[in-house]
Amino acid sequence: MILLSKATSPIKGEITVPGDKSISHRSIMFGALAEGTTTITGFLESADCLSTIDCFRKLGIEIEKKNNHMTGVPTIYVHGKGINGLTAPDSLLYTGNSGTTTRLISGILSAQSFDTDITGDASIEKRPMKRVITPLSEMGADIVSVKDNDCAPLHITGGKKLHGITYNSPVASAQVKSAIILAGLYADSATTVIEPALSRNHTEIMLKAFGADIHNEIYEDGKAAAVLNPGQSLKAIDINVPGDISSAAFFIAAALMVPGSELLIKNVGVNETRAGIINVLKRMGADITLLNEDDSSEKRADILVKYSKLHGDKNKEFVIGGADIPTMIDELPVVAVLAATADCTTIIKDAAELKVKESNRIDSVVDNLKAMGCDVTATDDGMIIRGGKPLTGAEIDSHSDHRLAMSFAIAALGAEGETIIADDKCVDISYPTFFNDLRSLL
Ligand code: S3P
């Protein structure tokens, strides 16, 4: 349990957030399928990414961590065995709370010569898997939901020959896209995944760096495709993981919440398929500047945030929807918290995907905002937040959802009275040192 109160002084200084979760997962997976040893610095050692390491160790991949004896900086070594180098696990693959591990590994395992069983925790066993079962089955995979409820546990029968498909995904989901592309590495022809809007493209960027023939295409109507031509072998590379913008988002929000704040967040991944929160908050009047931008491979920058009063348009309204949504899907809970303090009504729409995250993030955000005194209504695909009423401390139900716990820790900084977050341990999923890092700034 953690108790937080209103911040009494501005948030000033510098902070570095841990490595990007999406990139960390992929670095282990693709490293395992590459020939040679992939090195990873900046790897996120959180529960989710450790689940990925655990699964690939069970699939016969040696993964080591060594600290540099001069600097103490850890490097992860993934001793890849090539695309056909995985071996049958002795037991079920357990993916914990990680949707990324569960869905991406399903794509890889669909193409193996051996059978596998995969499941995760109670939250994973409720999250939709039909979105990967359908396209992978279309490619020739034999993948079934064991309880016949379109959720994990999944059983995958090995020894199937996969063929390339063109798949029109109903959702802009990088997990779905990546599962199909990873299966496509083993297919006998090209694989194309078309999405309603471009979701995070870390898979495309990283697979290309490993030697795959893959690219994105953006169509005139805003739809986007990832196109993979199989046949190239993957070769080990050295990866430096930038800081996670989804973690940086909590400190961006903290600086925008507490008057007088000025905070520099160093070395954050700002790939435009992820950095929607920056554009949206700037449109709401936030003073955010990117410094030291580095465009090589995954774009990164230092983010300077100065306290600003957020607002809407001349009608005191602000709409977040459409193509903004996939670029900031994980940041919507903390943006909703900021919207509660803004001088406008914020409408979040086209975000029904929030319902199938680690918790139903429409209900869990709305219920907790209401508990803090906010005037907010849940809708089918988002929420309407009538900002400006002062927030009051409350007992927060995080639903064991890491991003909920962190979002409402930020709300607490702007709320009168005390806020209690009962399940603070859930932050281990993506940001184990979050509360220490937050305390260091207060
Ligand atoms: C992720 C993609 C997103 C995101 C998740 C990580 C990834 O999920 O919410 O936290 O690493 O590919 P969806 O693909 O389901 O939108």
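Note: hydrogens, waters and symmetry copies are ignored here, and every other heavy atom, side chains too, is used. Indexing begins at 1, ligand by ligand and atom by atom, following the structure's order. If you read the sequence from its start, that first residue is 1, and numbering goes on from there.
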request  = May I ask you to decide if Asp238's main-chain N or O and Thr39's side chain share a donor-acceptor pair within less than 3.5 Å?
outcome  = no
request  = Using modelled atom types only, decide if a donor and an acceptor are shared between the side chain of Asn368 and the backbone of Asp397 within a distance under 3.5 Å.
outcome  = yes
task = Answer yes or no: does an N/O atom from Ile329 fall short of 3.5 Å to an N/O atom of ligand 1?
result = no
message = So for ligand 1, is Glu353 a polar contact partner (N or O within less than 3.5 Å, distance only)?
response = no
For [Y], is there an ion pair with [X] - N to carboxylate O distance below 4.0 angstrom?
{"X": "Asp363", "Y": "Lys370", "answer": "no"}
{"X": "Asp401", "Y": "Lys357", "answer": "no"}
{"X": "Asp20", "Y": "Arg274", "answer": "yes"}
{"X": "Glu353", "Y": "Arg131", "answer": "yes"}

remark   = Filtering Ala172, Ser199, Ser173, Ser22 for the heavy atom nearest atom 14 (O) of ligand 1 leaves Ser173
ask   = Which atoms from ligand 1 have a heavy atom of Ala174 less than 4.0 Å away?
value =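 Once the distances to Ala174 are compared, the set is 12 (O), 14 (O).
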Residue and atom name of the nearest protein heavy atom (relative to [atom]), distance in Å to one decimal:
{"atom": "atom 10 (O) of ligand 1", "result": "Asp330 OD2, 2.7 Å"}
{"atom": "atom 12 (O) of ligand 1", "result": "Arg26 NH2, 2.7 Å"}
{"atom": "atom 1 (C) of ligand 1", "result": "Gln175 NE2, 3.5 Å"}

request  = Using a 4.0 Å heavy-atom cut-off, say whether His25 meets ligand 1 through its side chain, its backbone, both or neither.
outcome  =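 The answer is neither; His25 stays 4.0 Å or more away.
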ask   = Backbone, side chain, both or neither: what part of His202 comes under 4.0 angstrom of ligand 1, heavy atoms only?
value =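 For His202, no heavy atom sits under 4.0 Å from ligand 1.
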key: No-hydrogen, no-angle side-chain donor-acceptor test under 3.5 Å, Ser359 and Ser364   = yes
message = Check for me whether Lys357 has a heavy atom closer than 4.0 Å to any atom of ligand 1.
response = yes
ask   = Hey, does Lys177 sit under 4.0 Å from ligand 1 if you only count heavy atoms?
value = no
ask   = Would you call the rings of Phe434 and Tyr431 parallel, tilted or perpendicular if under 30° counts as parallel and over 60° as perpendicular?
value = perpendicular
